[in-house]
Amino acid sequence: MNNHNGNDRTEFVFSGFGGQGVMFVGQLLAYAAMDAGFNVTWIPSYGPEMRGGTAHCTTIVSRKPIGSPMSPRPHVAVVLNLPSFTRYEPLVREEGLLVVNSALVSLTSHRQDIQTLDIPATTIAENLGSVRAANMVLLGAALTAKPALPLAAAHSALEAHLPPQHRSLLALNHAALDAGAAVVLERL
Amino acid sequence: MAKELLKGNVAIAEASVRAGCRAYFGYPITPQTELLEYLSSRMIALGRVFLQAESEVAAINMVYGAACTGARVMTSSSSPGFSLMQEGLSYIAASDLPCVVVDVMRGGPGLGNILPSQGDYFQVTRSAGHGDYHPIVLAPATVQEAIDMTVLAFDLADHYRHLVILALDGLIGQMMEPAELPEWQADLPTPDWAVTGAANRAPNRITSMHLRADESEAYNQHIQRRLERIRAAEQRSIEMYTDDAELLVIGFGSAGRIAASAVEMAREDGLNVGLFRPQTLYPFPSERLAELAEQVGACLVVEMNAGQMLDDVRLAVNGRAPVEFFGRMGGAIPLPEEILDTIEMLCWSLHVVE
């Protein structure tokens, strides 16, 4: 029996407070995947939970057509706050990746069957110029540890798809992606 | 045109603009509100009509009025709001007026929730509103198909002078996928039946009222003849691996695309399983399904409801093969793995496992 879960499909969940750029980082990954020729879906949480402060979205990157855009057991979960950690830490698929914004999450995972990266993303982003780039620090780390796409694809997607009103933050976002990647590379 | 990353609701809105929709009337309701929100600025910028009505009842009656002028018009809603439109839909249908209505279905019955569902299948296919008719119903499974079917919906509505419903669910409405927008429709001539002031010509009359039984029956026969033409010409479906399928999985919209993943998994496991995905829910693609039913050992219907399209499948299959069902309800989304479990069980019981 196949496990139907080869290397041709990666399911990402991004979760955090409203304002942490959770929706945008998921969309940026989707743009990067689309531009790189992958099939991709992005879907936000739009249920009652979105009224409660913590928002999440799912981005699926696949070589094959994508059926369900939902991911009950993501390969990669990027969690920016404590409620997101509590929700997604148990759900990460075996041998998957959990990326934790350790500047805001005091807990750490004790699961032995997944890889966990505790990255003080908010602090790193603050040192680069704005806490709002924490999302990009974590995406840089996630794509370095789980290279479903090359990091360069995320950089290109920033150039191509960052909305006009946010163009002044382009350099910061590029630097944040690289800073997240650097943390992972240092630990290898 | 290059592919863009588009949200279903927004993609339908922009496709309707390019298909020549001159007027939109609607009322906000999750999970379709982005459609209305997008058009609220887009239509005004183009000098077209956008109006947020005081209710869905008002919105559909505004659509009724605008459709009388021969312009391409649209409204959109989600299940409870769509229920409020029933009377107006029936009046529009019984006035031979083309118009497009989008129903982004959500969990019900009742106020239910805002999660994806296919629970309005009976409501959209049997007769949206009272009386003896069916709308044409299109069911997209991807954002690209939602775009293509929006354009098709306007074309079919004009061609048949008939109500067309685009029936999708919250998943297709809310998700973003790469998709390509259509070309712009050139300006269309005003049809000769339109109510435009009757200057220098005999007046046109548009009504859904036929008081005498003989007149009313003659009008009903006229609708039924049109539906016969629609059934003959417009049945549409998509197939995967049907050539050698021993089990045929049948699903529309989101359930159809999730079932496609399950069928791919079953094929990887060596099971001879195929997929049949109706793209038109009315007319239901009965002719092709009846042919396929001759070849397969069993059918499995997958829906995000308690089994509604199931009735149409049984009518089409008409005893040629057993018809089984797997469904999730109330906003729950089926997992490909649980559909696969059912496929494996059915294949085992058919003794078709190699």
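Quick note on labels: first sequence line is chain A, next is B, and so on, each numbered from 1.
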Exercise. Could you tell me whether B/E264 and A/R9 make a salt bridge, using a distance below 4.0 angstrom between a side-chain N and a carboxylate O?
Key: no
Self-check item: chain B-proximal positions within residues 27-42 of chain A [heavy-atom distance under 4.5 Å]
Solution: A/Q27, A/A30, A/Y31, A/M34, A/V40, A/T41, A/W42
Quiz item: Counting only heavy atoms not in A/E95, do more than 12 sit closer than 6.0 Å to its CD atom?
Solution: no
Practice problem: Show your reasoning for whether side chain to side chain contact (heavy atoms under 4.5 Å, CB included) applies to B/L171 and A/M70. | Solution: CA-CA 9 Å; B/L171 271 191; A/M70 312 299 282; 3.7 Å; yes
Quiz item: Is it the case that more than 12 heavy atoms not belonging to B/R328 sit under 6.0 Å from its CZ atom?
Solution: yes
Practice problem: Report yes if some heavy atom in the side chain of B/S261 is under 4.5 Å from a heavy atom in the side chain of A/K64; otherwise report no. | Solution: no
Quiz item: What is the minimum heavy-atom distance between B/Q174 and A/P44, and which atoms define it?
Solution: O-CD, 3.4 Å
Quiz item: Looking at CE of B/M175 and OG1 of A/T58, how far apart are the two atoms once the value is rounded to the nearest 0.5 Å?
Solution: 11.0 Å
Practice problem: Could you look at B/L5 and say if it's the side chain, the backbone, both or neither that has a heavy atom under 4.5 Å from chain A? | Solution: both
